[in-house]
Undergrad: 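Let me give you the structure first, and then I'll get to my questions.
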Amino acid sequence: MADVLRSLRLGGRGDPARACALALGAEGVALSLLVGNGRMAEPLWCHPEVSARFEELQFTLGEGPGPDAVRTGSPVMEPDLDRVRPDRWPALLPPARDLGVHGVCCFPLGIGAIRVGVLTVLCDGDRTMSVQQGADATALAAALTGALLNGDGRGQRGEDGNGNGDRSGSGNGGPVLGLFLDRPTGLHRAAVHQATGMISVQLGVTMEEALLRLRAHAYGSERPLGEVADDVVARRLRFNNSDDTTNNASDNGDGFDDDMNGPYSPGDGKG
């Protein structure tokens, strides 16, 4: 792990998630940052694909070791999901096993009450995490926390502000993690953020409750949260405050303002 962090501080190219997974001897690794007022988990990188799918599953359901680690500020270590009480994450456990996830350990990124993200490590088929693996993952989480809180990773690629190849600092005297924390150019879950705001307006509820309603609908319809959010943004789906249900709605092309005029009414004869 020391070699991986050293390489990344020097702006090493390649896939940081893959490099960290190999260094940890893990089945997979994912890093998500908390963004927006609702502190939604936004994926920064994942390896391999099962890690991305597990992160999406946790995000859709709003439960799992990742959300628990963010909420409590403490690592959540469950290297063998078969030994987890069924009532701890009742919605998550069955589909996680279907994905082939054997065990998960999540490490919050933050100091005290400050939370900036979460590091997720998928355990291998042995369903264990050794003391050394735990120490390495903790060190990685600490390095990520320091980098994020100190303002590192703001798009630097091991260069100074003029692109002159200065790999010794980030412009504020601290170490730079090169490509390790390159920010995405846009939010992967932008539709979820927008849909949450629209539902908040439609139902007259807080953003937190709106996200819960969105997640409940995605879970009930057995669809990814992003797909349901896309339908809300496109006004194919509208949450109705009068009966606490949702309606399928046709896009009439009149713009976003129609979604602010009260519960959807099928008076145009289309549904």
Side-chain angles (χ1 to χ4, degrees), residues 1 4 8 13-35 40-71 75-86 88-109 117-130 132-134 136-141 144 179-182 184 187-192 215 218-219 221-230:
M1 180 55 66
V4 170
L8 293 169
R13 302 281 170 168
D15 184 346
R18 183 176 183 276
C20 291
L22 290 174
L24 289 171
E27 194 77 13
V29 173
L31 172 65
S32 293
L33 306 184
L34 303 180
V35 301
M40 292 187 191
E42 186 72 24
L44 187 60
W45 42 249
C46 303
H47 177 84
E49 177 63 23
V50 66
S51 295
R53 295 173 66 186
F54 182 75
E55 287 294 276
E56 188 65 29
L57 181 64
Q58 289 193 107
F59 183 69
T60 294
L61 300 176
E63 70 175 36
D68 282 4
V70 170
R71 185 180 67 255
V76 176
M77 315 286 281
E78 293 295 350
D80 187 354
L81 290 184
D82 286 344
R83 303 183 65 179
V84 176
R85 298 190 324 272
R88 183 174 186 183
W89 303 311
L92 178 86
L93 291 175
R97 295 189 184 102
D98 290 342
L99 287 176
V101 175
H102 306 293
V104 187
C105 296
C106 292
F107 301 82
L109 308 184
V118 60
L119 176 71
T120 299
V121 179
L122 302 188
C123 301
D124 60 21
D126 292 338
R127 301 173 188 267
T128 60
M129 174 167 275
S130 69
Q132 185 60 55
Q133 285 176 310
D136 287 344
T138 300
L140 176 58
L144 289 167
L179 292 182
F180 200 19
L181 292 179
D182 271 4
L187 296 178
H188 292 280
R189 293 166 173 156
V192 176
R215 280 175 166 151
Y219 176 69
S221 59
E222 298 184 343
R223 299 174 60 201
L225 188 63
E227 285 187 7
V228 178
D230 286 340

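Counting from 1, the numbers follow the sequence of the chain as shown.
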Undergrad: Using only atom types and a distance under 3.5 Å, with no angle test, would you say the side chain of Q133 pairs donor to acceptor with the backbone of A26?
TA: no
Undergrad: A141 and F107: which non-hydrogen atoms are nearest, and at how many Å?
TA: CB-CB, 3.9 Å
Undergrad: Would you give the length of the straight line joining atom CG of L81 to atom CZ of R83, rounded to the nearest 0.5 angstrom?
TA: 12.0 Å
Undergrad: Could I get the full list of side-chain contact (heavy atoms from CB on, under 4.5 Å) partners for A139, not counting sequence neighbours?
TA: none
Undergrad: Would you say that L144 contacts L140 through its side chain, given a criterion of any heavy-atom pair below 4.5 Å between the two side chains?
TA: yes
Undergrad: Please find the pair of heavy atoms, one from S221 and one from V228, that lie closest to each other, and give the distance.
TA: OG-CG2, 4.2 Å
Undergrad: For residues 118-129, which side-chain N or O atoms pair as donor and acceptor with protein atoms under 3.5 Å away, sequence neighbours left out?
TA:
residue	atom	partner	partner atom	Å
T120	OG1	E55	OE2	3.1
D124	OD1	D126	N	3.0
R127	NH1	D80	OD1	3.2
R127	NH1	D82	OD2	3.4
R127	NH1	H102	O	3.4
R127	NH2	H102	ND1	3.4

Undergrad: Which pair of heavy atoms, one from L24 and one from A137, lies closest together, and at what distance?
TA: CD2-N, 3.6 Å
Undergrad: Just verifying a value: how many Å separate C20 SG and D136 CG, rounded to the nearest 0.5 Å?
TA: 10.5 Å
Undergrad: Heavy atoms only: give me the nearest Q58-G66 pair and the separation to one decimal.
TA: OE1-N, 2.8 Å
Undergrad: Might you point out which heavy atoms bring A30 and S51 nearest each other, and give the distance in Å?
TA: CB-CB, 4.3 Å
Undergrad: If you take all heavy atoms of L99 and V50, which pair is closest and at what distance?
TA: O-CG2, 3.7 Å
Undergrad: Can you list the residues that meet the salt bridge (charged side-chain N to carboxylate O under 4.0 Å, His left out) rule with E56, with sequence neighbours excluded?
TA: R189
Undergrad: Are side-chain heavy atoms of L109 and L31 found at a separation under 4.5 Å?
TA: yes
Undergrad: Taking atom CZ of R53 as the centre, does the number of heavy atoms from other residues, nucleotides or ligands within less than 6.0 Å exceed 12?
TA: no
Undergrad: Considering residues at least two apart in sequence or located in another chain, which fulfil the side-chain hydrogen bond (donor to acceptor under 3.5 Å, both in side chains) criterion with D68?
TA: R71, W89
Undergrad: If the condition is salt bridge (charged side-chain N to carboxylate O under 4.0 Å, His left out), which residues does R85 pass it with, not counting sequence neighbours?
TA: D87
Undergrad: What residues form a side-chain hydrogen bond (donor to acceptor under 3.5 Å, both in side chains) with E78, not counting sequence neighbours?
TA: R88
Undergrad: Evaluate the side-chain proximity of P75 to P108: yes if any heavy-atom separation is below 4.5 Å, no if none is.
TA: yes
Undergrad: Do the non-hydrogen side-chain atoms of P65 and L92 ever get within less than 4.5 Å of each other?
TA: yes
Undergrad: Roughly how far apart are T60 OG1 and E227 CD, rounded to 0.5 Å?
TA: 9.5 Å
